[in-house]
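A quick write-up on the structure given underneath.
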Amino acid sequence: MIDLSQNARVRTITLNRPEKRNALNPEMCRRLVDAFDEADADIPVGVIVLAANGPAFCSGMDLSEPAEVDIHERLFTIIHRIRKPVIAAVHGAALAGGMGLVANAHIVVARPDAHFALTEIRVGLWPALIFRAVEAAIGERRAVELSLTGRGFNAADGLAYGLVTEVADDPLLRAQELAAKIADFSPVALAHGLEYVHRTRGTDWEQAGRVAGEVRDLLSASADFKEGSRAFLEKRQPSWPSLRD
């Protein structure tokens, strides 16, 4: 149901249930959760790319099988749990839970023909499990409007809303290019930077300032920062100690 591949420090997780338009049944959700958690714990992995085989990125939850809320909740809180960048490469339809997967990525590259919708309301549901991730990506008012209407929108609209960060004719190629570039940066800085984003989401300026100070002190004392500073002054590429430990 999923394929895994690795090129240098980029791990690609590919949805591989094309005959079902990559609909998410419980078993596929479990495999995705395991794949993300394993990539997050694997030191050689610097960045995770999420892609899909077939004509659709993901059509949402598989309504022909009973839902399992616990595993779905773990899948749709990826962005809050893991501390490695996730880049989604999107083509075709990303609907309901598929849009939830997209919202859980830190960077989203979409093909011009990609289209999105929160379709749960059409079958008498509400996108409760994915709503917070969608809200974080596009704001509460837009998330509510899309949840209430179930209307679809294209990649250009997704770019305007903030769900999509870039439109490209070959989103997987572009996502892997971005991933390779990001993977060259300090793993410590990337992890604590994403931790900062997570810890300060929804907090006031004072609390965010305290967390910023903690992160700054921690990174300033890290071996990666010392090596990065030396490499900058010596005009060379850094060799991150965190990858050698």
Side-chain angles (χ1 to χ4, degrees), residues 4-13 35-51 77-90 102-110 133 136-138 158-159 162-245:
L4 302 176
S5 62
Q6 183 134 351
N7 182 16
R9 300 193 62 236
V10 177
R11 175 76 54 85
T12 300
I13 300 172
F36 275 106
D37 287 345
E38 288 166 9
D40 193 39
D42 194 349
I43 292 175
V45 176
V47 181
I48 302 164
V49 171
L50 178 63
T77 54
I78 291 167
I79 198 170
H80 299 290
R81 291 190 292 106
I82 71 173
R83 293 297 173 261
K84 290 184 178 175
V86 177
I87 303 176
V90 184
V102 173
N104 267 276
H106 301 101
I107 296 173
V108 177
V109 183
I138 66 176
L159 190 65
L163 180 69
V164 173
T165 50
E166 186 174 333
V167 177
D169 290 334
D170 190 335
L172 179 56
L173 177 62
R174 179 57 180 154
Q176 290 175 332
E177 289 173 348
L178 288 168
K181 181 176 181 178
I182 293 169
D184 281 341
F185 298 137
S186 161
V188 173
L190 292 172
H192 287 287
L194 293 178
E195 175 71 17
Y196 168 81
V197 172
H198 169 61
R199 289 178 61 192
T200 58
R201 182 173 288 120
T203 63
D204 58 29
W205 280 83
E206 184 177 356
Q207 175 63 18
R210 285 195 293 269
V211 176
E214 293 174 16
V215 171
R216 173 74 181 184
D217 290 346
L218 190 153
L219 290 178
S220 295
S222 71
D224 275 16
F225 174 68
K226 294 178 175 63
E227 163 61 11
S229 299
R230 284 194 298 269
F232 176 79
L233 294 172
E234 295 168 6
K235 295 181 173 56
R236 60 174 175 82
Q237 290 297 311
S239 177
W240 305 117
S242 60
L243 287 176
R244 302 196 299 267
D245 294 342

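Contact annotation: the side chain of I87 never approaches that of L50 to less than 4.5 Å [non-hydrogen atoms, C-beta and beyond].
Every residue two or more places apart in sequence or in another chain that forms a side-chain hydrogen bond (donor to acceptor under 3.5 Å, both in side chains) with T12 is listed here: Q176. When the side-chain hydrogen bond (donor to acceptor under 3.5 Å, both in side chains) test is applied to R199, the partners found at least two apart in sequence or on another chain are E214. Looking at residues two or more places apart in sequence or on another chain, you find a side chain to side chain contact (heavy atoms under 4.5 Å, CB included) between T203 and T200, Q207, A208. Scanning for side chain to side chain contact (heavy atoms under 4.5 Å, CB included) contacts around Q237 gives an empty result, with sequence neighbours left out. By the side chain to side chain contact (heavy atoms under 4.5 Å, CB included) test, R174 pairs with V109, E166, A168, E177, L178, sequence neighbours left out. By the side chain to side chain contact (heavy atoms under 4.5 Å, CB included) test, P238 is found to be paired with E227, A231, W240, residues two or more places apart in sequence or in another chain being considered.
Checked by atom type and distance alone, the side chain of H106 never pairs as donor or acceptor with a backbone atom of P85 at under 3.5 Å. Here the side chain of N7 pairs no donor or acceptor atom with the backbone of V10 at under 3.5 angstrom.
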Could you list the donor-acceptor pairs under 3.5 angstrom formed by side chains in residues 36-48, with sequence neighbours left out?
| residue | atom | partner | partner atom | Å |
| --- | --- | --- | --- | --- |
| D37 | OD1 | R81 | NH1 | 2.8 |
| D37 | OD2 | R74 | NH2 | 2.8 |
| D40 | OD1 | R83 | N | 3.0 |
| D42 | OD2 | R11 | NH2 | 2.9 |

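Sequence neighbours left out, the pairs with a member in residues 184-215 that pass ring pair (Phe, Tyr, Trp, His ring centres under 6.0 Å) are H80-H198.
Crowding of R216 atom CZ: a count of heavy atoms from other residues, nucleotides or ligands under 6.0 Å not exceeding 12.
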